[in-house]
Amino acid sequence: MVNQSNSKNTLLNELSKLRQRVSKLEKSENRLKEREKTLKETEKRFRLVTDNMLDIISICDLEAVITYVSPSVKNVLGYDPEYMLDKPIFDFMHPDDLEIVKTSFQEHLADFSPGKANYRLKHADGHYVWLETLGNPLLNNKRHIIGGVFLNRDITKRKNAEEMLQQSEARLQYLMSSNPAVIFSFEMRDTEITITYISENIKEHLGYEPAELMDITFWRSCVHPDDLEKLMTEASSRLLEEGRSVDEYRFKGKDERYMWLHDEKKVVSRDQDGTIKVVGSWFNITDRKKIEKALENSKKKYRAIFETSPDYIVLLGVDGRIMDANLAVEKISGLSREELVGMYFLELGLISEEDIPMHLENVSRLLKGEQIEPSEVDFVDKDGKQHWAQVYTTVLREDGDIAILVVSGDVTELKKAENEMKAALEEKEMLMKEIHHRVKNNLMVISSLLSLQSQYIQDKEVLDIFKESQNRAKSMALIHERLYRSDDLKRINFGEYIRTLTTDLFHTYVVDPSLIKLNMNVEDVILDI
């Protein structure tokens, strides 16, 4: 009996333990089912998330072979997910990015660290897409790395925008570096000025590196002392009140020489904290300033010549009104410059009425572009005295404006001297003609006396000598006859003289002209006696 009772108790105990184990197994099975259910729900949510993400989720093993890729790869790269599975991600990568990404992939897997990379993958249609990838190592239950999980985002538009921005910045930098103007910007707050930018071409224009002039204290030390106070007060005041300032001042370059700068500044913004942001530009106008100074000196010089010239100089408009006149015109007209300016030139009464049409015709021809010769006119001054003048008229054209410059040189004394010389010359010519006439008469008398005397000479040799002397006297008389009848008392037509003399000699010595014929071939030659 005792043994049966013990066996029964033992059996009951084993049965109780068995029930406990079954209960535990049931609980374990329920927990496993719950886990499976949770895992399925998690996987469902994961699929839901990954299938609807714009970014690509991918998983690669240690050889960078794709083991999973989300459906969004179709939208980004144009591939079906199944096409990319079991292929190395490097097969799709741009050759220029391959080595860098491979190195980064191995480094981050080796030290269990997350990584980030930008690279290009080939799209199904052949073009490349920029991706920004964030990666984390993928671990198994034993905390061993078995691959990586990657979030890939399409940044093609951003990259294109960055590239366009870089190109735009490069173009802007080129334009600013090649621009004749130096571009700068600064900020003002109260009395403090902070220079924020100076273009690189400042070295070409002023010799400084941009960093050197970023110091406002150094910048101020380069401004000419005579220009600094005005620039810092008036220019700053205009900039604050009007939002714009244009100034010209001298600035010391790197070579210690001062140059003139044209400075334009404009306010681009005013912040709530009182900060004013300004952009501006510098132009080197040293050459222009030199030209302006030379032009000013030239104007002063020619103004002095204009004022002190003894010639009468008048500047007229095309309507005939006087625009300017020099001191000589004031004296001859008895009017001041203020009275002369605005008057019609013909109102002065300096030109005789018979000469007015000629002057108007000359002006008309000048305005048409024709050239006219200087003219000589007479006029009467304020005291009624007659003057003679040589008039030169020129058309001046500048920036579309037309003016007429009249320069008249007083030749009254020259005219008087010329008239006196003409009178003296006429008197001298009359005297010379009278002398030639009397010499000719005296020689003809001698010739006649020789002719009378020869009638009493029987000796042929002596008679020939007398005829020779008579002919010489007639030859000399003929010269004086020609001079007397000529308009030029200093020269004679030797050809005509030879013809006349030969004809006289021919008739003197030839008894019968029918037996001898006279032929002459003599050119007209003017000889100075």
Q | Worked verdict on Val76 versus Leu131 for side-chain contact (heavy atoms from CB on, under 4.5 Å) | A | CA-CA 9 Å; Val76 178; Leu131 295 179; 4.0 Å; yes
Q) Any sub-3.5 Å donor-acceptor pair from Asn326's side-chain atoms to Ile313's backbone N or O? A) yes
(Q) Set out, in order, the CA-CA distance, both residues' side-chain angles and the distance that settles side-chain contact (heavy atoms from CB on, under 4.5 Å) for Lys301 and Asn297, then state yes or no. (A) CA-CA 6 Å; Lys301 179 176 69 176; Asn297 292 337; over 6 Å; no
**Q.** Any side-chain heavy-atom pair of His262 and Val246 under 4.5 Å
**A.** yes
**Q.** Inter-residue atom distance Lys230.NZ - Tyr249.OH, 0.5 Å rounding
**A.** 13.0 Å
(Q) Go through it in stages, so that I can follow the logic: the residues are Ile402 and Val395, the test is side-chain contact (heavy atoms from CB on, under 4.5 Å), and I'd like the CA-CA distance, side-chain angles, deciding distance and then a yes or no. (A) CA-CA 7 Å; Ile402 300 176; Val395 174; 3.7 Å; yes
Q) What heavy-atom pair brings Tyr344 and Arg321 nearest, and what distance separates the two atoms? A) OH-NH2, 3.2 Å
Q. Is there a side-chain contact between Leu240 and Met188, using heavy atoms and a 4.5 Å cut-off?
A. yes
**Q.** For Leu327 against Arg337, the heavy-atom pair lying closest together
**A.** N-NH2, 4.5 Å
(Q) Less than 4.5 Å apart, side chain to side chain, heavy atoms only: is that true for Ile100 and Tyr119? (A) no
Q | Lys293 side, atom NZ; Glu296 side, atom CD - distance, nearest 0.5 Å | A | 9.0 Å
Q.
Run the side-chain hydrogen bond (donor to acceptor under 3.5 Å, both in side chains) test on Glu229 and Thr233 for me, step by step, so that the C-alpha distance in whole Å, both residues' side-chain angles and the decisive distance to 0.1 Å come before the verdict.
A. CA-CA 6 Å; Glu229 183 178 356; Thr233 54; 5.8 Å; no
Q: Identify the two heavy atoms, one from Thr286 and one from Trp260, that lie closest to each other, and give their separation to 0.1 Å.
A: OG1-N, 2.9 Å
Q.
If I compare all heavy atoms of Phe184 with all of Asp263, which pair ends up nearest, and what's the gap?
A. CZ-OD1, 3.6 Å
(Q) Measuring from atom CG of Leu340 to atom CD1 of Ile322, what distance do you get when rounded to the nearest 0.5 angstrom? (A) 5.0 Å
Q | Separation between CG of Leu261 and NE2 of His224, rounded to the nearest 0.5 Å | A | 12.5 Å
Q.
Is it the case that the side chain of Asp324 and the backbone of Leu315 share a donor-acceptor pair, with hydrogens and angles ignored and the cut-off at 3.5 Å?
A. no
(Q) If we ignore hydrogens and angles and just use 3.5 Å, is the side chain of Ser199 paired with the main-chain N or O of Val182 as donor and acceptor? (A) no
Q: For the pair Ser298 (side chain) and Ala294 (backbone), establish whether a donor and an acceptor sit closer than 3.5 Å, ignoring hydrogens and angles.
A: no
Q | Cationic N near anionic O, under 4.0 Å, Lys265 to Asp247 | A | yes
Q. Do NZ/NE/NH1/NH2 and the carboxylate oxygens of Lys159 and Glu163 come within less than 4.0 Å?
A. no
Q. When rounded to the nearest 0.5 angstrom, what distance separates CG in Asn118 from CZ in Arg158?
A. 6.0 Å
Q. Is it true that atom NZ of Lys289 has more than 12 heavy atoms of other residues, nucleotides or ligands lying nearer than 6.0 Å?
A. yes
Q. Phe251 vs Tyr208 aromatic rings, parallel, tilted or perpendicular, using cut-offs 30° and 60°?
A. perpendicular
Q: Using atom types as modelled and distance alone, determine if a side-chain donor or acceptor of Asp97 lies under 3.5 Å from a backbone N or O of Arg120.
A: yes
Q: Would you name the heavy atoms of Gly317 and Ile404 that are closest together and state the gap between them?
A: O-CD1, 4.2 Å
Q. Can you check whether Thr196's main-chain N or O pairs, donor with acceptor, with Ser185's side chain at less than 3.5 Å?
A. no
(Q) Main chain of Asn201, side chain of Glu204: is a donor-acceptor contact present, judged purely on distance under 3.5 Å? (A) no
Q: Might you point out which heavy atoms bring Leu213 and Cys222 nearest each other, and give the distance in Å?
A: CD2-SG, 4.5 Å
Q.
Test your reading of the model: is there a side-chain donor-acceptor pair from Glu212 to the backbone of Glu209, 3.5 Å cut-off?
A. yes
(Q) Could you measure the distance from the CG atom of Leu121 to the OH atom of Tyr79? Nearest 0.5 Å is fine. (A) 8.0 Å
Q. Is the backbone N or O of Glu361 less than 3.5 Å from a side-chain atom of Ser364, with the two atoms forming a donor-acceptor pair by type?
A. no
Q: Please answer whether the main-chain N or O of Arg250 pairs with a side-chain N or O of Asp227 as donor and acceptor at a distance below 3.5 Å.
A: yes
Q. Given the rule in the side-chain contact (heavy atoms from CB on, under 4.5 Å) test, do Glu162 and Ile155 qualify, once you have shown the distances and angles that lead to the verdict?
A. CA-CA 10 Å; Glu162 289 176 354; Ile155 59 169; over 6 Å; no
